[in-house]
Participant: 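Can you keep this structure in mind? I'll have questions shortly.
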Amino acid sequence: MNKTVTIDLARAVPVAADARTADAFAHPKALLDLPPGEARESLLAVHRVLGEQLPPTKLAIYEAGGGSTSFLPLDVLGRAHVTVVDIDEDQIRNNDYAQKTILGDVQSYRFAPGSFDLVICYNVIEHLPDVEAALLRFCESLKQGGLILIGAPNPKSLSGVVTKYSPHWFHVWFYRHVRGDKKAGLPGQAPFPTFFHPLVTLSRLEAFAEAHGLQMIYRKEYESPRYPEMRARKPAFAALIDAAAAVMNLLLPGKTDVRHGDYHVILRKS
């Protein structure tokens with residue numbers, strides 16, 4: 001596979017404390033809501049890569065699964081025609097930034113080849129029974145040189161394993177009582193049922209990209225934002241989880257960190 005681009009995160013993160021007011025105008029709410037930490041740093045780096053790699057003209061963007069919040073930088077969103085496809089009527093109803101919304105299944109919905117500069121699939125592929133079908137549709141719809149941005153949980157992390165092998169009611173409980181999201185589990189609200197198709201695993205996704213002419217230009221596994229959230233809201237519970245994660249990291253081979261519960265990937269169509 002082509003070599004992954006190395007990103008200097010220091011250049012992507014605001015350095016001045018008094019820049020926070022400006023950030024409110026420069027960044028989407030999804031980024032501003034993230035607690036300080038690896039997740040926020042990686043999303044800022046993603047924004048920088050998109051700014052460097054996307055053409056400086058009007059953009060056609062396909063968001064595969066889109067609710068009430070965009071993860072795109074506002075300067076990109078401001079010059080884009082965004083098309084959202086989602087299977088959930090409530091998610092479609094909650095969306096207020098797309099120019100076109102389509103009630104449909106991203107695993108089977110097809111656009112004309114070469115329709116989009118960017119496909120974004122953020123916190124979606126883990127919920128799909130057939131990730132390969134969805135990825136093939138994304139590739140088909142993308143222009144030559146276009147980008148696919150994927151944000152997803154890491155199935156091999158501590159949080160990924162717990163999510164995969166615990167019942168959905170536990171996910172709703174966690175969102176409500178640990179994260180403090182009182183709307184969790186209501187129609188159109190996370191958490192949604194999770195399948196964890198094999199292609200969600202980062203090594204499998206890399207192999208798929210190589211086999212289908214996609215160059216990986218950004219790849220970052222990072223600590224899930226759930227950890228800093230827990231440390232702020234439930235410090236005793238978070239300390240217990242951190243201790244368990246530290247023990248697991250000692251026992252597992254290599255430089256594995258089971259707290260790396262999420263990843264960002266940007267693929268470019270060759």
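Any value given below was found using the heavy atoms of this structure, including those in side chains, with hydrogens, waters and symmetry copies removed. Residues: numbered from 1 along the sequence shown.
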Participant: Is the backbone N or O of Q107 less than 3.5 Å from a side-chain atom of D130, with the two atoms forming a donor-acceptor pair by type?
Facilitator: no
Participant: Let me see the working for L135 and L205 under side chain to side chain contact (heavy atoms under 4.5 Å, CB included), right down to the final yes or no.
Facilitator: CA-CA 10 Å; L135 291 174; L205 182 59; 3.8 Å; yes
Participant: Any chance you could lay out the side chain to side chain contact (heavy atoms under 4.5 Å, CB included) test for V178 and M230, step after step, and finish with the verdict?
Facilitator: CA-CA 7 Å; V178 178; M230 285 190 296; 3.7 Å; yes
Participant: Taking the side chain as C-beta and beyond, is there a heavy-atom pair between V265 and M216 under 4.5 Å?
Facilitator: yes
Participant: Ring centres of H264 and Y222 under 6.0 Å apart?
Facilitator: yes
Participant: Determine yes or no for a side-chain-to-main-chain donor-acceptor pair under 3.5 angstrom, with R79 supplying the side chain and T57 the backbone.
Facilitator: yes
Participant: Taking NZ, NE, NH1 and NH2 as the nitrogens, is one of them in D88 or R93 under 4.0 Å from a carboxylate oxygen of the other?
Facilitator: no
Participant: Tell me if a side-chain donor or acceptor on T256 pairs with a main-chain N or O of L252 at a distance below 3.5 Å.
Facilitator: no
Participant: Can you name the closest pair of heavy atoms from V200 and P155 and give their distance?
Facilitator: CG1-CG, 3.8 Å
Participant: Taking NZ in K182 as the centre, count heavy atoms belonging to other residues, nucleotides or ligands within less than 6.0 Å. Is the count above 12?
Facilitator: yes
Participant: Between D257 and R259, does any side-chain N to carboxylate O distance fall below 4.0 Å?
Facilitator: yes
Participant: I120 versus Y62: any side-chain heavy-atom pair under 4.5 Å?
Facilitator: no
Participant: Is H260 close to S157 at the side-chain level, that is, under 4.5 Å between some pair of heavy atoms?
Facilitator: no
Participant: Within the distance-only criterion (no hydrogens, no angle test), does the side chain of N95 pair as donor or acceptor with the backbone N or O of Y97 below 3.5 angstrom?
Facilitator: yes
Participant: Determine whether more than 12 heavy atoms belonging to other residues, nucleotides or ligands lie under 6.0 Å from atom CD of E140.
Facilitator: yes
Participant: Go through the steps for R48 and E52 under the test side chain to side chain contact (heavy atoms under 4.5 Å, CB included), then give the verdict.
Facilitator: CA-CA 6 Å; R48 176 170 165 257; E52 292 174 347; 3.2 Å; yes
Participant: Counting N and O atoms only, with roles assigned by atom type, does the side chain of S141 sit under 3.5 Å from a partner on the main chain of F111, one being a donor and the other an acceptor?
Facilitator: no
Participant: Do Q53 and Y218 have a side chain donor and acceptor closer than 3.5 Å?
Facilitator: no
Participant: When the ring centroid of Y175 is compared with that of H171, is the distance short of 6.0 Å?
Facilitator: no
Participant: Starting at CD1 of I150, measure out to CZ of R219 and round the result to the nearest 0.5 Å.
Facilitator: 12.5 Å
Participant: I'd like to know if the side chain of H47 reaches the main chain of F71, judged simply by a donor and an acceptor atom lying under 3.5 Å from each other, with no hydrogens or angles considered.
Facilitator: yes
Participant: Please report the shortest heavy-atom distance between P191 and H168, naming the atom on each side.
Facilitator: O-CE1, 3.2 Å
Participant: For H81 and K58, which heavy atoms make the closest approach, and how far apart are they?
Facilitator: N-CE, 4.1 Å
Participant: Fit a plane to each ring of F170 and F174, take the angle between them on a 0 to 90° scale, and name the class: parallel (under 30°), tilted (30 to 60°) or perpendicular (over 60°).
Facilitator: tilted
Participant: Please check if any side-chain donor atom of D262 sits under 3.5 Å from a side-chain acceptor atom of S224, or the reverse.
Facilitator: yes
Participant: Mark yes or no for whether H197, through its side chain, and L199, through its backbone, hold a donor-acceptor pair below 3.5 Å.
Facilitator: yes
Participant: Mind telling me whether W173 and H177 have parallel, tilted or perpendicular rings, with 30° and 60° as the class edges?
Facilitator: tilted
Participant: Does a side-chain N-to-carboxylate-O contact under 4.0 Å join R233 and E229?
Facilitator: no
Participant: Of all the heavy-atom pairs spanning A80 and I61, show the shortest one and how long it is.
Facilitator: CB-CD1, 3.5 Å
Participant: Do you know the tightest heavy-atom contact between A184 and V172?
Facilitator: O-CG1, 3.7 Å
Participant: Strictly distance-based, threshold 3.5 Å: is any side-chain N or O of S70 a donor or acceptor partner for the main-chain N or O of L72?
Facilitator: yes
Participant: Do NZ/NE/NH1/NH2 and the carboxylate oxygens of E38 and R226 come within less than 4.0 Å?
Facilitator: no
Participant: Would a 4.5 Å heavy-atom cut-off, applied to side chains only, mark L158 and I241 as touching?
Facilitator: yes
Participant: Closest approach of L142 and L147, non-hydrogen atoms and distance?
Facilitator: CD1-O, 3.4 Å
Participant: Decide yes or no on salt bridge (Lys or Arg N to Asp or Glu O under 4.0 Å) for R231 and E223, but give the supporting numbers first.
Facilitator: CA-CA 13 Å; R231 291 173 193 133; E223 183 185 71; 2.9 Å; yes
Participant: Taking the side chain from D86 and the backbone from I92, do they hold a donor-acceptor pair closer than 3.5 Å?
Facilitator: no
